[in-house]
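Here is the structure we will look at.
Chain A is the first sequence line, chain B the second, and so forth, proteins listed ahead of strands; every chain is numbered from 1.
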Amino acid sequence: MRTRFHRLKPISTQSATTCMLQVLRDRIIEDMTAILEEWGCEAVAVANPVEINEYTDEEKGLVATPVAFQLASELGRPPADIAADLAAAFRDRGPIGGIDTIETVGGYINFHVDEAFTTRTLEVILEEDAEYGVVEDTVESALFEFSSPNIAKPMHIGHLRNTVLGDVLGNVLEARGYDLVRDNHIGDWGVQFGHILYEFEQAEDTDRFESEPIDYLLELYQRYGRHEAELEEKDRTDDLEQLRDTGREYFARLEAGEEELRALWEQFSEASRDRFETTYDGLGVDFDTWHGESFYVTESWTSRVRERATESGIAVETDDGASVIPVFDDDLTAVEDPERADVRTDADVAEDDTDHEAFVITKRDGTTTYGTRDLATIAYRVEQGYDELFYVVGSEQREYFQQLFAAARKLGYTDVRFTHVDYGLIDLPEGSMSTRAGRLITAEDVLDQVRENARSVVEENDPALDAPTTSEIADGVALGTVRFENIAKRRTKNTTFDTERATSLEGDTGPYVQYAATRGLNILLEADEVPEPGVVADQPFNEFDHQLAVQLARYPLVLERCEERYDPAPLAQYLLDLARVFNKLYHENRVLDADQSRERRLALVAATVEVFETAFEVTGIPMLRRM
RNA sequence: GGGCACGUAGCUCAGCUAGGAUCAGAGCGUCGGACUUCUAAUCCGACGGCCGUGGGUUCAAAUCCCACCGUGCUCGCCA
């Protein structure tokens, strides 16, 4: 699915991407620093002295600085005067490549880019090809955990968001120089499997597992929930405890390795993984490893961290035989950061101390908890030698992860960086999702609905199209819709799921962006060859051409911003902008039959398609030949 | 109650990290225009907002600080 429809030959290979805007900004800052030093005002230097505007016009420069305002009180002169002097000083220092004129408007100093900037931008994109915006030197090796569905349950729209967000963010980090191992940390262990195993043994309809394994397992899970609820409702407290004990006992037997239960569990696990594979195929998502939680139990990592905790004295045994690591409030400062984290390495808890939480690593029945397995996972990953561990997990687990990281530091895992990439919850109009209550929308349901919507649009637009092509386009549009939808919002936002909106193909959506890219691609396919920007640089560009070139220049900065925020949303927003600007150009300008600008515009369109393709690879949005 | 997020047009959201200049933006919805042209899944226009509230910092605040209000999540020997 990540095929590129065309590939432009690289003219030269470059090790690192060139961001024209970055080059300009750095140069201007350099000059400005020198000037301010001459003036004796270097102390005024501020965090962000030079701004890059998204658009350029007659008045505003693409690059500008309001630094004169900051100097005004220092120098006791009006900003406009200072700006004029500064601009003159800039001019005296000689020309800046890519900058044409330096003008002032009030206290602003505007740097207007020239044609050489535009040409160079196009050249860089066409030369660097798929490497445009990419940082090639490896900065860090990291384990990147995302998706992580639970077996015996279907993937729902929450997993969908996690999976797409995680996959795209992973791509962003790789483009920014991270060496990632993607791990699907399957939720395949815990007392809930004791519950399911118990219900399975009680059930008389177990033959249904063969034909519809996931639905059946889900039903068993819900059955247990109903049994609990019934007893609770009737206030049969003793029976309820009895049921819970039994569930715990089944899990304890599973964890102890009882063969019969283990064999059943294997079947559950395998059926679930098969189903997940299908969903991931449809989404175009891949993992390097699928170590589930069970892996760390089976491979004795849980025992190892327990021993380590006990021997080092950071864990204490409670009266009823459980083992806990006390995590104090003070332990939680900057736990993610290996440089700044500072935790207590004893477990001396005064009788009435309340400034700590007990992080349980052995329950009183001897079994592991989610936390035990996560610590074991950290132990394993640290031994693998990663610099950083990423966790793409919902924000509802924020406090938990703080405690987990603190516990890991106490265990002596002090060199690795932890990053919890949290994101807002998705709930339904009727309330929060509940698998147990059957209140959920599955990922497959959403995909199917979008495919159906897409198919009917394709059939309406192009009734003569053959069936396979229709499906191919519909699938491509559906994937583009779902992937875009799940990354376009800032990740910290909560969302109430709206089926109509989430499956819509109109407005600020994936198909809008795909359509623009497809139009561009078709212009290229009509043209026989793409000229070199430098050779045709004397052909005229109008404002639409220039706006588009400016958008293209921004791309590397957008990727950088995505990395800084650990959020692909800025990239999605950028794609909307790029598509808008391109659509406008498409409407206003002719390319193939332009009088004087044909070749230069072809280079511009080629660069645009290149950026679309590169960004599509990052976001996993398919590039379509037609739609 | 403590902690963490979020609060911008009727609705869904950008913009906030690094405060700047018509910076109040997009989409949906509503109304009205544009296909003999490289695909109209497009484009253009109109309508629509004291940027939750109140203070503060600053030459300058949607953006930073404080307080408050509202919403969500969280504080399990669940995951």
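Between the CZ atom of A:Arg306 and the C1' atom of B:C77 there is a distance of 11 Å, given to the nearest Å. Atoms CD (A:Glu357) and P (B:C4) sit 15 Å apart, rounded to a whole Å. B:C78 atom P lies 14 Å from atom CG of A:Leu243, rounded to whole Å. In this structure, CG of A:Leu575 is placed 20 Å from P of B:C13, rounded to the nearest angstrom. Regarding A:Phe484, its CZ atom lies at a distance of 14 Å from the P atom of B:C13, rounded to whole Å. For the pair A:Phe544 CZ and B:C43 P, the interatomic distance rounds to 13 Å; values are reported in whole Å. Rounded to whole Å, atom P of B:G2 lies 21 Å from atom NE2 of A:His356. Between the C1' atom of B:G45 and the NE2 atom of A:His587 lies a distance of 12 Å, rounded to the nearest Å.
Residue A:Arg373 is classed as a sugar-phosphate contact, given heavy-atom separations below 4.0 Å to backbone atoms only. Using a 4.0 Å heavy-atom distance criterion, A:Asp320 is classed as a base contact. Note on A:Asn589: a base of the nucleic acid sits closer than 4.0 angstrom, heavy atoms only. Counting any heavy atom pair closer than 4.0 Å across all strands shown, A:Ile82 reaches no nucleic acid atom. Contact annotation for A:Ala358: no contact, since no heavy-atom pair falls under 4.0 Å across all strands. Within the nucleic acid shown, A:Gln402 has no heavy atom closer than 4.0 Å to any nucleic acid atom. Residue-level contact check: A:Lys60 touches the bases, meaning some heavy atom is under 4.0 Å from a base atom. Nucleic acid contact for A:Thr509: none, since no nucleic acid atom lies under 4.0 Å from a heavy atom of the residue. A:Val458 comes within 4.0 angstrom of a nucleotide base, judged by non-hydrogen atoms across all strands. Backbone-only contact: A:Gly190 has heavy atoms under 4.0 Å from sugar-phosphate atoms and none from a base. Across all strands shown, A:Gln397 has heavy atoms under 4.0 Å from base atoms, whether or not it also approaches the sugar-phosphate. Looking at heavy-atom distances under 4.0 Å, A:Asn53 makes contact with a base. Residue-level contact check: A:Glu564 touches the bases, meaning some heavy atom is under 4.0 Å from a base atom. At a threshold of 4.0 angstrom between heavy atoms, the contacts of A:Tyr512 are confined to the sugar-phosphate backbone, with no base atom among them.
The side chain of A:Arg490 contributes an N or O atom lying less than 4.0 Å from OP1 or OP2 of B:G15. When the side-chain nitrogen and oxygen atoms of A:Thr492 are compared with OP1 and OP2 of B:C6, one or more of them lie within a distance under 4.0 Å. Taking side-chain N and O atoms only, A:Asn461 has a distance below 4.0 Å to OP1 or OP2 of B:A41. Within the structure, a side-chain polar atom (N or O) of A:Asn583 is placed less than 4.0 Å from OP1 or OP2 of B:C43. At least one side-chain nitrogen or oxygen of A:Tyr515 sits closer than 4.0 Å to the OP1 or OP2 atom of B:A41. Considering only side-chain N and O atoms, A:Arg519 lies under 4.0 angstrom from the phosphate OP1 or OP2 of B:A40. In this structure, A:Lys153 does not reach the B:A79 phosphate: none of its side-chain N or O atoms is under 4.0 Å from OP1 or OP2. The phosphate of B:C77 (OP1 or OP2) has no side-chain N or O of A:Arg244 nearer than 4.0 angstrom. Proximity of A:Arg491 to the phosphate of B:C13: no side-chain N or O atom is located under 4.0 Å from OP1 or OP2.
Between A:Tyr586 and A:Tyr515, the ring center distance fails the sub-6.0 Å criterion.
Taking the P atom of each, B:G52 and B:U8 are spaced 6 Å apart, rounded to whole Å. Remark: the separation of the P atoms in B:C50 and B:G10 is 8 Å, to the nearest Å. With P as the reference atom, B:C75 and B:A60 are 45 Å apart, rounded to whole Å. Rounded to whole Å, the separation between the P atoms of B:G49 and B:C66 comes to 32 Å. Nucleotides B:A24 and B:A67, compared at atom C1', are 26 Å apart to the nearest Å. For the P atoms, the distance linking B:G25 with B:U39 amounts to 33 Å, nearest Å. B:C16 and B:A62 are spaced 7 Å apart, taking the C1' atom of each and rounding to whole Å. Look at the C1' atom in both B:C68 and B:G29: the space between them is 35 Å, to the nearest Å.
One side chain, A:Ser471 or A:Arg455, offers a donor N or O that lies under 3.5 Å from an acceptor on the other. Remark: the A:Glu336 side chain and the A:Gln402 side chain contain an N/O donor-acceptor pair separated by less than 3.5 Å. Remark: the A:Thr372 side chain and the A:Thr369 side chain contain an N/O donor-acceptor pair separated by less than 3.5 Å. Judged by distance alone, the side chains of A:Gln539 and A:Glu599 do bring a donor and an acceptor atom under 3.5 Å apart. Donor-acceptor pairing under 3.5 Å is recorded for the side chains of A:Thr362 and A:Arg306.
If you check B:U74, B:A79, B:A41 against the side chain of A:Glu396, the one that comes closest is B:U74. When distances are taken from the side chain of A:Lys493 to each of B:C13, B:C16, B:C4, the shortest belongs to B:C13. Nearest to the side-chain atoms of A:Val457 among the listed nucleotides B:A26, B:A41, B:U42 stands B:A41. Comparing B:U37, B:C78, B:G27 by their nearest atom to the side chain of A:Asp508 picks out B:G27. Of the candidate nucleotides B:G72, B:C13, B:C59, B:C13 has the atom lying nearest to any side-chain atom of A:Gln573. Closest to the A:Val591 side chain, of the nucleotides B:U39, B:C38, B:C44, is B:C38. Counting only heavy atoms from C-beta on, A:Val105 has its side chain closest to B:A21 among B:A21, B:U12, B:C44. Closest to the side chain of A:Glu399, out of B:U74, B:C44, B:A14, is B:U74. Residue A:Ile523 places its side chain closer to B:C38 than to any other of B:A41, B:G27, B:C38. Distances were taken from every side-chain heavy atom of A:Arg580 (C-beta onward) to each of B:A26, B:U12, B:C77; the shortest belongs to B:A26.
Counting heavy atoms from C-beta on, the side chains of A:Phe418 and A:Val335 never come closer than 4.5 Å. Looking at A:Thr368 and A:Phe251, their side chains come closer than 4.5 Å, going by heavy atoms from C-beta outward. No side-chain heavy atom of A:Asp462 sits less than 4.5 Å from a side-chain heavy atom of A:Ile473.
Sequence order on RNA chain B of the closest nucleotides to A:Ile109 and A:Leu425 puts A:Ile109 first from the 5' end.
The base of B:A21 sits within donor-acceptor range of the side chain of A:Asn110, with an N or O pair under 3.5 Å.
When the options A:Ser294, A:Ser272, A:Ser148 are evaluated for a side chain to side chain donor-acceptor pair (under 3.5 Å) with A:Asp188, the one that passes is A:Ser294.
B:C35 has its base syn relative to the sugar, with a glycosidic angle deviating from 0 by at most 90°.
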